[in-house]
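Each remark here refers to the structure printed beneath this line.
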Amino acid sequence: MEKTNKQLASDIKAMRAPEVALPELMSRMASAYGLLSFYNLAMEFSMFAESKEEGRIRPDKPMTELEDTLRRIIQETLLAPFSPEGYEQAILELSTLRDKVIARMEMLTAYTDLFILYEYVMNRLEAVFEEAETEIMDSDAVAREILQWIFSESEPAATNGRIRMMLSCLPVRMTKAKFLELVENAFSVYETSDAGSVATFDYMLRSAAGMYAPKGMAKTYGKLDKVKKLFEGKSLSELTKEEYTERKEALAKGTEYILNATECLSALQATANALLTVLLTRQYFTLSAEKVAKRPADILTSMIEGGEVHAEALFEGIEMDMERLSEEVTVLEPLMNLVSESMTGQVEGLMLSTVYHRILVAQRLNSGSAYASLTDETEKEKAVSASKVKQAFLEDIKKVLEDGSRVRNRAVMAEVLKELPVYFNNHTEVMNYVRNSLDSCRDEGEKKICVDLLRSYYE
């Protein structure tokens, strides 16, 4: 008689009969991950096809090639007789495909960072070139309104988030020296942190400042690079009305392109992750799991070979199966964590290392981050000096500010400030910053645009 998950959990926790309990756990865990991903694969493939057909996403040629690769791998593996060699080759190919998607997404992220800065600039120039009604604003009244919004949240994290939003919307009125002092102080928080935390903070600041530039950006996304050159080819404070309009339209089209490309890549990555999970775990399925796998395999066959992407009947009732599998994963994952903590010796002794490591990869693929690394990042981390990272960033950001125009520098400072720990000590300091920022606007037009931008988050 098959043991229940509760009985299996009891055996694992007591390390009782590991030669029986561990293989059983691995098989059930692989089956749960694999079956759930099998269903997810069918759903992701269907949603991508429908979105493309209905025009909600428009894959370019490289993305279409990635989609064709996924389709071919599904046909050659999941819809064909099992072949260990075929599965291994497909796993390697999918790993390479994921790397391509991640690389393209990193480039899109870098362009997004730049476009955020450009949008900040265009919002400030709007008052100069757009004919809009202006009104005399009472800075004190507006400052009190903004302050009330910021501190109406009881949770400190929410309050800090609103302060950061305020910093990104209102004009930055701060000397470069003060700005650099705040950045330097922020790094001091990470002096005793691990390498991953320091690297993440450094990456966040570099992204906010538009300093992150993966290799091949211009070649891969020529359309976006043309927009970049428009904004960096001439001092923005010297634009004519026609040049302002040209850049505004180019930025809007570039932003639309990024949104479409990001959605396409996210869908392709989700499909690749689901497919890779199935291939990693399929050969370890229990007999009952293999029977259940026929349902998602039939769905994929109907969609890929029969073209039935809109047949809702194909998915009828699968919610219950997926819910059951999700519950199974929830029960079994803590047991896998326990094995990782105290039973790796038994895993090796029972020659379960291969399935064990594949399950760990499946965990990463299903961790909630579609772009998670397939390897344990902690194994690659080396000790790093927060002081050295800080000095490198300060040197680079100083060069950015030296080379940038006044309005571009304000955009950079605003975005970087948004990523720093909140440096105000009390309500009064926040109030004074808001009031000074409003009073420093060039005119009522700039003030109205900035306030309206901030109000869009709470009105």
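In what follows, residues are counted from 1 in the order of the sequence shown.
Using a cut-off of 4.0 Å between Lys/Arg side-chain N and Asp/Glu carboxylate O, Arg71 and Glu67 are scored as salt-bridged. Residues Lys418 and Glu415 are paired through a salt bridge, judged by an N-O separation under 4.0 Å between the basic side chain and the carboxylate.
Thr277 has its side chain out of reach of Val361: every pair of non-hydrogen atoms, C-beta onward, lies at least 4.5 Å apart.
Listed by chain and residue number, Ala42, Arg295, Met303, Leu314, Phe315, Ile318 satisfy the side-chain contact (heavy atoms from CB on, under 4.5 Å) test with Ile299 (two or more places apart in sequence, or in another chain). By the side-chain contact (heavy atoms from CB on, under 4.5 Å) test, Val227 pairs with Phe115, Phe231, Ala250, sequence neighbours left out. Partners of Glu119 by side-chain contact (heavy atoms from CB on, under 4.5 Å), not counting sequence neighbours, listed by chain and number: Asn123, Leu251. Among residues two or more places apart in sequence or in another chain, the side chain to side chain donor-acceptor pair (under 3.5 Å) test is passed with Asp225 by Tyr111. Residues meeting the salt bridge (charged side-chain N to carboxylate O under 4.0 Å, His left out) test with Arg162, sequence neighbours left out: Glu153. Taking the side-chain contact (heavy atoms from CB on, under 4.5 Å) definition, one finds that Thr262 meets it with Met105, Leu108, Ile258, Ser266, sequence neighbours left out.
Note: Tyr190 and Phe201 have parallel aromatic rings, judged against thresholds of 30 and 60 degrees for the angle between ring planes.
Distance alone, capped at 3.5 Å, is enough to place a donor-acceptor pair between the Ser152 side chain and the Trp149 backbone. A donor-acceptor pair under 3.5 Å is formed between the side chain of Ser31 and the backbone N or O of Thr286. A donor-acceptor contact shorter than 3.5 Å is absent between the side chain of Ser188 and the backbone of Glu184. Checked by atom type and distance alone, the side chain of Ser367 pairs as donor or acceptor with a backbone atom of Arg364 at under 3.5 Å. Between the side chain of Ser27 and the backbone N or O of Pro23, no donor-acceptor pair lies under 3.5 Å. A distance-only check finds no donor-acceptor pair linking the side chain of Ser37 to the backbone of Gly34 [under 3.5 Å]. For Asn273 (side chain) and Ala370 (main-chain N/O), a donor-acceptor pair under 3.5 Å exists by modelled atom type.
Listed by first and then second residue, the salt bridge (Lys or Arg N to Asp or Glu O under 4.0 Å) pairs that reach into residues 271-283 are Arg282-Glu290, sequence neighbours excluded. Each salt bridge (Lys or Arg N to Asp or Glu O under 4.0 Å) pair with one or both residues in residues 345-361, not counting sequence neighbours, appears once here: Glu88-Arg358. Under the salt bridge (Lys or Arg N to Asp or Glu O under 4.0 Å) criterion, the residue pairs touching residues 253-263 are Arg58-Glu256, with sequence neighbours excluded. Identified under the side-chain hydrogen bond (donor to acceptor under 3.5 Å, both in side chains) test for residues 404-414, with sequence neighbours left out: none. Residue pairs satisfying the salt bridge (Lys or Arg N to Asp or Glu O under 4.0 Å) criterion with at least one member in residues 92-110, sequence neighbours excluded, are listed as follows: Asp60-Arg104, Arg72-Glu93.
Residue Ala186 comes nearest to Leu420 through the heavy atom pair CB-CD2, 3.7 Å, listed as atom of the first residue, atom of the second, then distance. The shortest non-hydrogen separation linking Ile12 to Leu335 is CG2-O, 4.3 Å. Ala32 and Val329 make their closest contact through CB-CG2, 3.7 Å (heavy atoms, listed as atom of the first residue, atom of the second, distance). Taking every heavy atom of both residues into account, Val101 and Leu265 meet most closely at CG1-O, 3.8 Å. Closest approach of Leu350 to Pro18, counting heavy atoms only: CD1-O, 3.5 Å.
Under 3.5 Å, the side chains of Glu319 and Tyr39 contain no donor-acceptor pair of N or O atoms.
Surrounding CD of Glu155 are at most 12 heavy atoms belonging to other residues, nucleotides or ligands under 6.0 Å away.
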Side-chain atoms of residues 205-212: list all donor-acceptor pairs with protein atoms under 3.5 Å, sequence neighbours left out, distances to 0.1 Å.
from: Arg206; atom 1: NE; to: Asp202; atom 2: OD1; distance (Å): 3.2
from: Arg206; atom 1: NE; to: Asp202; atom 2: OD2; distance (Å): 3.1
from: Arg206; atom 1: NH1; to: Asp396; atom 2: OD2; distance (Å): 2.9
from: Arg206; atom 1: NH2; to: Asp396; atom 2: OD2; distance (Å): 2.9
from: Ser207; atom 1: OG; to: Tyr203; atom 2: O; distance (Å): 3.0

Evaluate the criterion side chain to side chain donor-acceptor pair (under 3.5 Å) for residue pair Ser168 and Tyr120; output intermediate values, then yes/no. CA-CA 8 Å; Ser168 69; Tyr120 181 102; over 6 Å; no

